[in-house]
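Positions are given from 1 along the sequence.
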Amino acid sequence: MRDNICEIVIGRGTLKWDAAWRIIEWLANPEAGHGLGSKFRDELVMHCFQSAPETVELAVEYYLGKDDEGRSRHPDIAIASPSFHAPEKIALIDDLGNVSPNNSRKINNLIAYDRLAATKFPEAERSVVVITDTTSIDRFTRLTSEFSSIENASLVVLPLYDLGRWISDSTHCHNQLVHDFVEWTGSLE
């Protein structure tokens, strides 16, 4: 039996999110050597914006600015359409794990991202996207409650399971790490 590299590096239960983000960032780069082209990035953009803009920019650890307490804020991934210079749409992506779905620090970070984006890009449609290791979205009660009162921003909860499903539904990729990712995310249902 062969070991799954994603299981070894990212784990199960309590995930090593930094490792998960490195793989997601790699998959979202159409020019990387995974063999998926733009398929993964296009699916991610579609889920973030609920549409498929023709032009997007993607940034890792995008600097949004400083919050009211002077702390620098950087979502794990940000996507802008058509560009970060003058976005019509912007998505701010971070994680919130199954182990602590109502984690105050993480939820406050997500709210801070949205506030900064609203100030920096007042005309842009905003999406706050939470990638998680569960498909039990109903567990995120505080998150959904907090975002229900925020105007002009949409909240998208995106299970890792779905990220793997996008790949398995659409490709016959021969990259072993991609196969391990699909297998690993499939076990997170």
Salt bridge (charged side-chain N to carboxylate O under 4.0 Å, His left out) with R41: which residues, sequence neighbours excluded? none
Give me each pair satisfying ring pair (Phe, Tyr, Trp, His ring centres under 6.0 Å) with a member in residues 105-154, each pair once, sequence neighbours excluded. none
S81 side chain vs T55 backbone, donor-acceptor pair below 3.5 Å: yes
When clusters are formed from ILVMFWY side-chain contacts under 4.5 Å, directly or step by step, what else is grouped with M46? none
Residues which pass side-chain hydrogen bond (donor to acceptor under 3.5 Å, both in side chains) with D76, listed by chain and number, not counting sequence neighbours: W21
Sorted by chain and residue number, the ring-ring contact (aromatic ring centres under 6.0 Å, His included) partners of Y62 (sequence neighbours excluded) come out as F84
Interatomic distance, L155 atom CG to L143 atom CG [nearest 0.5 angstrom]: 4.5 Å
Partners of R71 by salt bridge (charged side-chain N to carboxylate O under 4.0 Å, His left out), sequence neighbours excluded? D67, E69
Keeping the roles fixed (side chain from T132, backbone from L96), state whether a donor-acceptor pair exists under 3.5 Å. yes
Is a side-chain N or O of W184 found less than 3.5 angstrom from the main chain of R12, in a donor-acceptor match? no
E146: salt bridge (charged side-chain N to carboxylate O under 4.0 Å, His left out) partners, not counting sequence neighbours: R142
Roughly how far apart are L110 CG and L92 CG, rounded to 0.5 Å? 9.0 Å
With T134 via side-chain hydrogen bond (donor to acceptor under 3.5 Å, both in side chains) - residues at least two apart: none
For a quick check under 3.5 Å, do S38 and D42 share a side-chain donor-acceptor pair by atom type? yes
The criterion is ring-ring contact (aromatic ring centres under 6.0 Å, His included); which residues satisfy it with H34, sequence neighbours excluded? W26
Could you list the residues that satisfy side-chain hydrogen bond (donor to acceptor under 3.5 Å, both in side chains) with T135, not counting sequence neighbours? none
Under the salt bridge (charged side-chain N to carboxylate O under 4.0 Å, His left out) test, which residues partner D180, sequence neighbours left out? R2
Sequence-distant partners of S51, side-chain hydrogen bond (donor to acceptor under 3.5 Å, both in side chains), two or more places apart: K89
